[in-house]
Amino acid sequence: MKNKNSISLLLLATLLVNACGSFSAELTVQDAWARPANAGENGAAYFIIENGSNIDDTLLSVSSDIAAATEVHMSMVDGNGVMSMQMQEAVIVPAKDKVEFKPGGLHVMFVSLTRDLKTGDTITLTLDFKEAGSLTIQVPVRAQ
Amino acid sequence: MIKKNIYAPLYIATAVIALSLLIGFAFRRPYTFHGTVIEPPLPVTDFSLQTANGESFRLSDQDGKIVLLFFGYTSCPDVCPITLGTFKQVYERLGDDAQKVRFVMITADPDRDTPEKVAAYAAQFNPEFIGLSGSLAELKAIWKELGVFVEKQNSDSAAGYLVSHTASVYVIDQNGDLLMMFPYGTGTIDMADDLTQLLKQMEKR
């Protein structure tokens, strides 16, 4: 009888662990990458923010130790083919939704890189969210 | 039990012939360009700009090559690398034909982009890519003629001002005629196929 109980408990535990593994109720940052660029130039990084929680969150800032400044910008093309960039104060990530940073759209902009970013390198980025707090991610450098 | 169909070879042969006719027909269709064809081609006034090491680049002096032109600025971290990245892939896809094309970036930001800076920026993607700058007056004439919009934009960015600019790619032939424009975002395969077709048409002439 005792044995049977412990088996059920183990099964239940396994079930719970699996459930947690496959569903994140938190905010995650995935598929991050940065473009190769030289020291002194500006650079860019991209990722996907997924908000699995039930409350909207806001990306307040991104920081790094590889550039004079780290900012969030959005590239936009108008009907005449004119491309412009706009600095973003904050980026809202709605509950149970995701926001994609990608070439030609939202991106992290490194102003005046203090080091070369070469394919194969890894850089560290810290994202500050209003709700989720501070998230530090490792970002591989690779060509598009 | 299995009844052999004596007509089977005939069916197969008919199918093969029909299929080859169909494929032949498909390839005979006139090629449809992905870029915007400028009809009639627009003659572009000859210009000369500076590249690295005090060397200059004259449009009319390109050994019969097609010139693929793009306007951008080196402080631009997102869109300009996308287009130059496409150029790099187009170059690779063209194979031997890449030698018949000049890949050129002209700055939209002469105040910050020296010829050396643009040349180094373009060459990062492929050592054969050419980066050009010049005086504001020289550049303005080219922008105006090709309908390239350029405007400085104040921003709170630590990068200082940003530049809004037309992100299209321009195709100019060896006679200095603007033949085609690719809108921003044209894919590698579409651009390369169009260039291959243009080169074919030129050889026929």
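To find a chain, count down the sequence lines: A is the first, B the second, and so on, and within it residues start at 1. Heavy atoms only: backbone and side chains are in, while hydrogens, waters and symmetry mates are out.
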**Q** Taking every heavy-atom pair that is under 4.5 Å apart, which of Ala44(A), Ala69(A), Gly104(A), Pro36(A) has the most such pairs with chain B?
**A** Gly104(A)

**Q** If only atom types and distance count, is the side chain of Gln153(B) paired as donor or acceptor with the main-chain N or O of Ser84(A) below 3.5 Å?
**A** no

**Q** State, with a plain yes or no, whether a side-chain heavy atom of Asp78(B) is found less than 4.5 Å away from one of Pro103(A).
**A**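 In contact.
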
**Q** At a heavy-atom separation under 4.5 Å, does Tyr46(A) approach chain B through its side chain, its backbone, both, or neither?
**A** side chain

**Q** Pick one of side chain, backbone, both or neither for Val163(B), based on which atoms fall under 4.5 Å of a heavy atom in chain A.
**A** backbone

**Q** What's the separation between atom CE in Met83(A) and atom OH in Tyr184(B), rounded to the nearest 0.5 Å?
**A** 4.0 Å

**Q** Checking heavy atoms, do the side chain of Phe182(B), its backbone, both or neither come under 4.5 Å from chain A?
**A** neither

**Q** Using non-hydrogen atoms and a 4.5 Å limit, figure out which bit of Leu162(B) sits close to chain A: side chain, backbone, both or neither.
**A** side chain

**Q** Which distance, rounded to the nearest 0.5 Å, do you find between the OG of Ser164(B) and the CE of Met76(A)?
**A**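 If I round to the nearest 0.5 Å, the distance is 8.0 Å.
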
**Q** Testing Ser157(B), Ser155(B), Pro77(B) for side chain to side chain contact (heavy atoms under 4.5 Å, CB included) with Glu71(A), which one passes?
**A** Ser157(B)

**Q** Any idea which of Pro81(B), Gly72(B), Gly160(B), Pro183(B) has the most non-hydrogen atom pairs under 4.5 angstrom with chain A?
**A** Pro81(B)

**Q** Output the distance between atom CZ (Phe149(B)) and atom CG (Asp78(A)), rounded to the nearest 0.5 Å.
**A**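 That separation rounds to 8.0 Å.
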
**Q** Under 4.5 Å heavy-atom distance to chain B, tell me which part of Val111(A) shows up: side chain, backbone, both or neither.
**A** side chain

**Q** Apply side chain to side chain contact (heavy atoms under 4.5 Å, CB included) to Gln124(B) and Asn38(A), showing your working.
**A** CA-CA 9 Å; Gln124(B) 277 176 62; Asn38(A) 295 329; 3.5 Å; yes

